[in-house]
Amino acid sequence: MLIVFLLVSFFSSLVGSICGIGGGVIIKPVLDATGTMSVTAISFLSGCTVLSMSIISVAKAMKNSTVKINTKITTWLAIGSVLGGMTGKVMFQIVKEVLQNENRTGAVQSIVMIFITLGTLIYTAKKNDIKTHNFENKILCFIIGVILGILSSFLGIGGGPINLVILIFFFSMTTKEAAINSIYIILFSQIASLLHTILARKIPEVSVLYLGLMVLGGVCGGMAGSIVNKKISEEKVDKLFMGLMLVIVFINIYNAYVFMK
């Protein structure tokens, strides 16, 4: 099972770095489907993996990437995501306590993921026919960041596909621009999420070996993804992203069924 966790973290981080979805949107449902750990433990491991990947991806982008991070806009989104990330963690704990069942909590996460992923898939397929905007209002950026942070932290996916839709629709970014700016936002939200977990003493019981392997997979996947992203076209990134979203929808449908059962 160790090799499964390593491979999932690596390939998820590889694709996540290329598409700007972080990787958690793949890691969370795939590992949930294995049934080897609790929902809380998998959310924690997913978050740590995404954090390691985002650190590498952002560092490489700032150093030598041809696609730059729009710090004027994205920093405000990122700051908002910090507050949202903390709020999302609190929401997760509340839902968990209200439902009093890990499986029910997992089912809620999976159902929300299905709707978000389907919406993102439809938007991406139709994006050429949808008028985009170019907002620069800092307050609006902050509010959008809060919403992104809440969703990513609550779902344990580290940002996910919704980041790309927001960046493309509200700020008229290209797919590649949205991808790296999404990773930048994810970095901030994951740092906030991890700090909240540590300070609240809510760290689940997980094997240090599993954690180490997944972080390693995140680092290697982030490095590989940064290299691949430079070599492929916008069209191929879109196709990879849409194919991935379709697979994730079916995985989450399966997970929701299993959790509810």
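Under the 4.5 Å side-chain heavy-atom criterion for grouping Ile, Leu, Val, Met, Phe, Trp and Tyr, Y123 is connected to M242 within one hydrophobic cluster. With hydrophobic clusters built from ILVMFWY side chains whose heavy atoms lie under 4.5 angstrom apart, Y257 does not share a cluster with I111. L7 and L240 fall within a single hydrophobic cluster, where Ile, Leu, Val, Met, Phe, Trp and Tyr are joined by side-chain heavy atoms under 4.5 Å apart, directly or via other members. Each of I94 and L199 belongs to its own hydrophobic cluster when Ile, Leu, Val, Met, Phe, Trp and Tyr are linked at side-chain heavy-atom distances under 4.5 angstrom. Side-chain heavy atoms closer than 4.5 Å link hydrophobic residues (I, L, V, M, F, W, Y) into clusters, and following such links, possibly through other members, connects I55 to L195.
There is a side-chain donor-acceptor pair under 3.5 Å between T175 and D238. Checking S110 against Y254 by side-chain atom types alone, no donor-acceptor pair falls below 3.5 Å. Side chains of N163 and S182: a donor-acceptor N/O pair is present below 3.5 angstrom, by distance only.
Summarising the geometry, atom OG1 belonging to T49 is positioned 11.5 Å from atom CD1 belonging to I26; distances are rounded to the nearest 0.5 Å. For the atom pair CG of L45 and OG1 of T40, the computed distance is 11.0 Å after rounding to the nearest 0.5 Å. With values rounded to the nearest 0.5 angstrom, S207 atom OG is found 12.0 Å from M214 atom CE. Rounded to the nearest 0.5 angstrom, L140 CG and I144 CD1 are separated by 4.0 Å. The NZ atom of K28 sits 8.5 Å away from atom CG of N252, with the distance rounded to the nearest 0.5 Å. The line from OG1 of T36 to CG of L31 is 6.5 Å long, rounded to the nearest 0.5 Å.
Across V58 and Y184, no two heavy atoms sit closer than the pair CG2-CA, 3.8 Å. Closest of all the heavy-atom pairs between I18 and G225 is CG1-O, 3.6 Å. Nearest heavy-atom pair, E97 versus Q100, reported as atom, atom and distance to 0.1 Å: O-CG, 2.9 Å. Scanning all heavy atoms of the two residues, the minimum distance from S226 to S57 falls at OG-CA, 3.8 Å. Shown here for L14 and V228, the closest heavy-atom pair between the two residues is CD1-CG2, 4.4 Å. Shown here for A107 and M260, the closest heavy-atom pair between the two residues is CB-CG, 3.7 Å.
Taking a 6.0 Å sphere around CE of M223, one finds it holds 12 or fewer heavy atoms contributed by other residues, nucleotides or ligands. The neighbour count for I130 CD1, taken as heavy atoms of other residues, nucleotides or ligands under 6.0 Å away, is above 12. The environment of K127 atom NZ is dense: over 12 non-hydrogen atoms of other residues, nucleotides or ligands sit within 6.0 angstrom.
Under a 3.5 Å cut-off, the side chain of N103 and the backbone N or O of F259 do not form any donor-acceptor pair. A distance-only check finds no donor-acceptor pair linking the side chain of S46 to the backbone of S43 [under 3.5 Å]. Here the side chain of E136 pairs no donor or acceptor atom with the backbone of I73 at under 3.5 angstrom. Looking at S172, its side chain does come within 3.5 Å of a backbone N or O of H133 through a donor-acceptor pair. A donor-acceptor pair under 3.5 Å is absent between the side-chain atoms of S17 and the main chain of S13, judged by distance alone. Checking side-chain atoms of N255 against main-chain N and O of P29 turns up a donor-acceptor pair under 3.5 Å. Here the side chain of S9 pairs a donor or acceptor atom with the backbone of L6 at under 3.5 angstrom.
With a 4.5 Å cut-off on side-chain heavy atoms, F154 and T87 do not count as touching. Counting only heavy atoms from C-beta outward, the side chains of L167 and L77 approach each other to under 4.5 Å. In this structure, F171 and T74 have side chains that are not in contact, with every pair of non-hydrogen atoms separated by 4.5 Å or more. Between I116 and L155 there is a side-chain heavy-atom pair separated by less than 4.5 Å. Side-chain contact between M245 and I21 is present, with heavy atoms from C-beta onward closer than 4.5 Å. Residues T120 and F241 meet the side-chain proximity criterion, which asks for heavy atoms closer than 4.5 Å. Looking at F44 and V206, their side chains come closer than 4.5 Å, going by heavy atoms from C-beta outward. Between E177 and I168 there is no side-chain heavy-atom pair separated by less than 4.5 Å.
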Dump the intermediate steps for side chain to side chain contact (heavy atoms under 4.5 Å, CB included) on I42 and Q109, then the final yes or no. CA-CA 12 Å; I42 289 175; Q109 288 180 312; over 6 Å; no
Between F142 and L83, does a side chain to side chain contact (heavy atoms under 4.5 Å, CB included) hold up when you go through it step by step? CA-CA 9 Å; F142 177 79; L83 177 59; 4.0 Å; yes
Pair F92, V39 - check side chain to side chain contact (heavy atoms under 4.5 Å, CB included), show working. CA-CA 11 Å; F92 176 82; V39 170; 4.3 Å; yes
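Exactly one of I185, T75, I183, N181 qualifies for a side chain to side chain contact (heavy atoms under 4.5 Å, CB included) with I69. That residue is N181.
Ring geometry for F135 versus F170: interplanar angle of 30 to 60°, hence tilted.
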